[in-house]
Amino acid sequence: MIGRKLLRYETVDSTNAVADQLARGGEPAGTVVLANSQTHGQGRRERRWASPSDGGLWFSVILRPETDPAATVQLTLLAAVAVCDGIEQVTDCRPGIKWPNDLLVSGKKICGILCEMEADQTVNHVIMGIGINVNASRQSFGPELQPVATSLAIELGRNVDGERLLQEVFYHLDLWYARWLTEGFAPLREAWKDRNVTINRQIRVDCEDATFCGQAIDIDEEGALVIQTEVGRAQRFRFGDVSIKCQADE
Ligand code: BTN
């Protein structure tokens with residue numbers, strides 16, 4: 001279902017914005033909007049997502065799950081697992097997932113995911129936006145991003161076939177989406193935990209108006225992150241930005 005209809009663009013402002021417009025106009029679930037570059041790629045928390053020409057796969061999937069709107073947060077975890085599966089099929093890289101959905105290789109970000117939902121009592125549509133740094137060069141990230149971002153080509157020392165990777169990611173998104181609809185979150189939770197680099201680490205969670213520090217102890221049955229805070233209390237987060245603390249921070 002996912003990618004059966006693929007709309008390719010040379011340049012758009014943001015594939016999430018284009019997909020959202022299409023979804024509002026009745027475009028069916030499974031349609032994918034893919035661009036070679038984005039002028040205003042959107043990241044989480046209103047950040048910009050660098051999306052240079054030929055640097056990566058920048059695409060958005062339209063979904064219309066008939067689920068409780070609260071359950072759709074699990075779709076970001078689903079995308080992270082499916083992209084890991086796709087990357088592992090095509091390369092020797094084994095990315096780790098930092099909750100909820102950053103894919104890291106050598107501690108640097110290789111993929112970001114931005115899921116946006118339109119809902120009232122029920123879900124109207126979800127736009128699952130995925131950016132994978134495939135063949136981006138180190139210079140293309142600029143001095144600000146170089147310490148925190150990487151690409152498959154940088155890590156492997158060779159270019160990767162983006163078309164093949166795209167097809168593998170569609171295949172795994174399709175598999176996990178069908179499984180999530182029929183079996184719920186449990187199998188996905190296990191697959192996510194298997195690839196995670198967050199649990200058992202000392203972390204900092206930045207929320208809209210507060211910051212919490214502690215040890216990540218689990219992902220619960222809804223997909224929320226559970227941490228043991230420094231005052232010894234277990235606390236759950238459905239949203240937030242996680243930084244993994246290094247020795248120097250402590
Ligand atoms: C993040 O880690 O902050 C999320 C980044 C998401 C980037 C992708 S690229 C394709 C899609 N279109 C966008 O404008 N954003 C997402």
Side-chain angles (χ1 to χ4, degrees), residues 2-3 6-24 27 30-63 72-73 75-84 86-87 95-105 107-118 125-136 140-142 144-152 162 165-166 169-170 173 192 195-198 205-208 225 237 239-244:
I2 291 176
L6 175 59
L7 302 171
R8 290 177 185 266
Y9 294 84
E10 181 51 37
T11 304
V12 295
D13 53 353
S14 152
T15 57
N16 268 30
V18 173
D20 183 60
Q21 279 308 310
L22 289 168
R24 286 171 198 274
E27 187 67 35
T31 297
V32 175
V33 174
L34 173 81
N36 191 35
S37 71
Q38 302 183 110
T39 54
H40 292 87
Q42 296 163 15
R44 293 175 63 220
R45 305 184 97 188
E46 321 235 316
R47 285 188 282 246
R48 265 204 67 198
W49 180 260
S51 330
S53 292
D54 301 322
L57 293 171
W58 327 124
F59 64 97
S60 303
V61 185
I62 298 174
L63 297 171
T72 58
V73 291
L75 287 172
T76 60
L77 308 182
L78 186 153
V81 169
V83 173
C84 280
I87 290 175
I97 311 175
K98 179 163 75 73
W99 185 88
N101 51 18
D102 287 347
L103 266 55
L104 306 181
V105 177
K108 295 182 179 182
K109 192 152 157 174
I110 208 149
C111 168
I113 294 156
L114 178 66
C115 287
E116 298 178 294
M117 176 176 61
E118 171 63 32
H125 65 258
V126 173
I127 304 300
M128 178 190 275
I130 300 179
I132 310 174
N133 300 327
V134 182
N135 291 325
S140 70
F141 288 119
E144 224 174 82
L145 290 179
Q146 276 175 24
V148 291
T150 190
S151 71
L152 290 171
L165 177 59
L166 185 66
V169 171
F170 287 169
L173 280 173
W192 189 97
R195 290 165 175 77
N196 100 88
V197 292
T198 313
V205 187
D206 291 310
C207 302
E208 293 280 284
L225 174 68
F237 297 89
F239 307 99
D241 247 12
V242 165
S243 313
I244 295 175

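Atoms within each ligand, like the ligands themselves, are counted from 1 in listed order. Hydrogens, waters and symmetry mates play no part in the numbers below; they use all other heavy atoms, side chains included.
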Participant: Would you mind reporting whether W99 and N196 have side-chain heavy atoms less than 4.5 Å apart?
Facilitator: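 Result no, sub-4.5 Å side-chain heavy-atom pair not found.
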Participant: Any atoms of ligand 1 less than 4.0 Å from a non-hydrogen atom of K109? List them with their elements.
Facilitator: 1 (C), 2 (O), 3 (O)
Participant: Should I87 and L165 count as side-chain neighbours, where that means a heavy-atom distance under 4.5 Å?
Facilitator: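 When only atoms from C-beta onward are counted, L165 and I87 do touch, with a gap below 4.5 Å.
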Participant: Do ligand 1 and Q38 have nitrogen or oxygen atoms that lie under 3.5 Å from each other?
Facilitator: yes
Participant: Over all heavy atoms of both residues, which pair between Q38 and S51 is shortest? Give the atoms and the distance, please.
Facilitator: NE2-OG, 2.9 Å
Participant: In ligand 1, which numbered atoms sit nearer than 4.0 Å to a non-hydrogen atom of F59?
Facilitator: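 In order of number, 10 (C), 11 (C).
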Participant: Would you say the side chain of L78 lies within less than 4.5 Å of the side chain of L173, judging by non-hydrogen atoms?
Facilitator: yes
Participant: Quick one: does ligand 1 sit under 4.0 Å from the side chain of S60, the backbone, both or neither, non-hydrogen atoms only?
Facilitator: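 The side chain, only.
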Participant: Can you name the atoms of ligand 1, numbered from 1 with element, that are less than 4.0 Å from a heavy atom of T15?
Facilitator: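 Answer, ordered by atom number: 10 (C), 11 (C), 12 (N).
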Participant: Please work out, at 4.0 Å between heavy atoms, whether the side chain, the backbone, both, or neither of N101 comes within that distance of ligand 1.
Facilitator: neither
Participant: In terms of heavy-atom contacts, does CD of E208 have more than 12 from other residues, nucleotides or ligands at under 6.0 Å?
Facilitator: no
Participant: List ligand 1 atoms under 4.0 Å from N16, heavy atoms only on the residue side.
Facilitator: 11 (C), 12 (N), 16 (C)
Participant: Return yes if some donor-acceptor pair links the side-chain N/O of N101 with the main-chain N/O of I113 below 3.5 Å, else return no.
Facilitator: yes
Participant: Measure the shortest side-chain to side-chain distance between T11 and N36 over non-hydrogen atoms and say whether it is less than 4.5 angstrom.
Facilitator: no
Participant: Does the N or O separation between R44 and ligand 1 drop below 3.5 Å for any pair?
Facilitator: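 N/O-N/O distance below 3.5 Å exists for this pair.
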Participant: Check ligand 1 against G41 and write out every atom of the ligand that is under 4.0 Å from a heavy-atom position of the residue.
Facilitator: 14 (O)
Participant: Could you check atom 15 (N) of ligand 1 against the protein and tell me its nearest heavy-atom contact, residue, atom and distance included?
Facilitator: Q42 O, 2.8 Å
Participant: Please list, in number order, the atoms of ligand 1 under 4.0 Å from a heavy atom of G43.
Facilitator: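 Going through ligand 1 atom by atom, the ones under 4.0 Å from G43 are 1 (C), 3 (O), 4 (C), 5 (C).
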Participant: Sort out for me which residue in I130, V197, I97 forms a side chain to side chain contact (heavy atoms under 4.5 Å, CB included) with L103.
Facilitator: I97
Participant: Could you tell me the residue and atom name of the protein heavy atom closest to atom 5 (C) of ligand 1, and the distance to it rounded to 0.1 Å?
Facilitator: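 Here the nearest protein heavy atom works out to W49 CE3, 3.4 Å.
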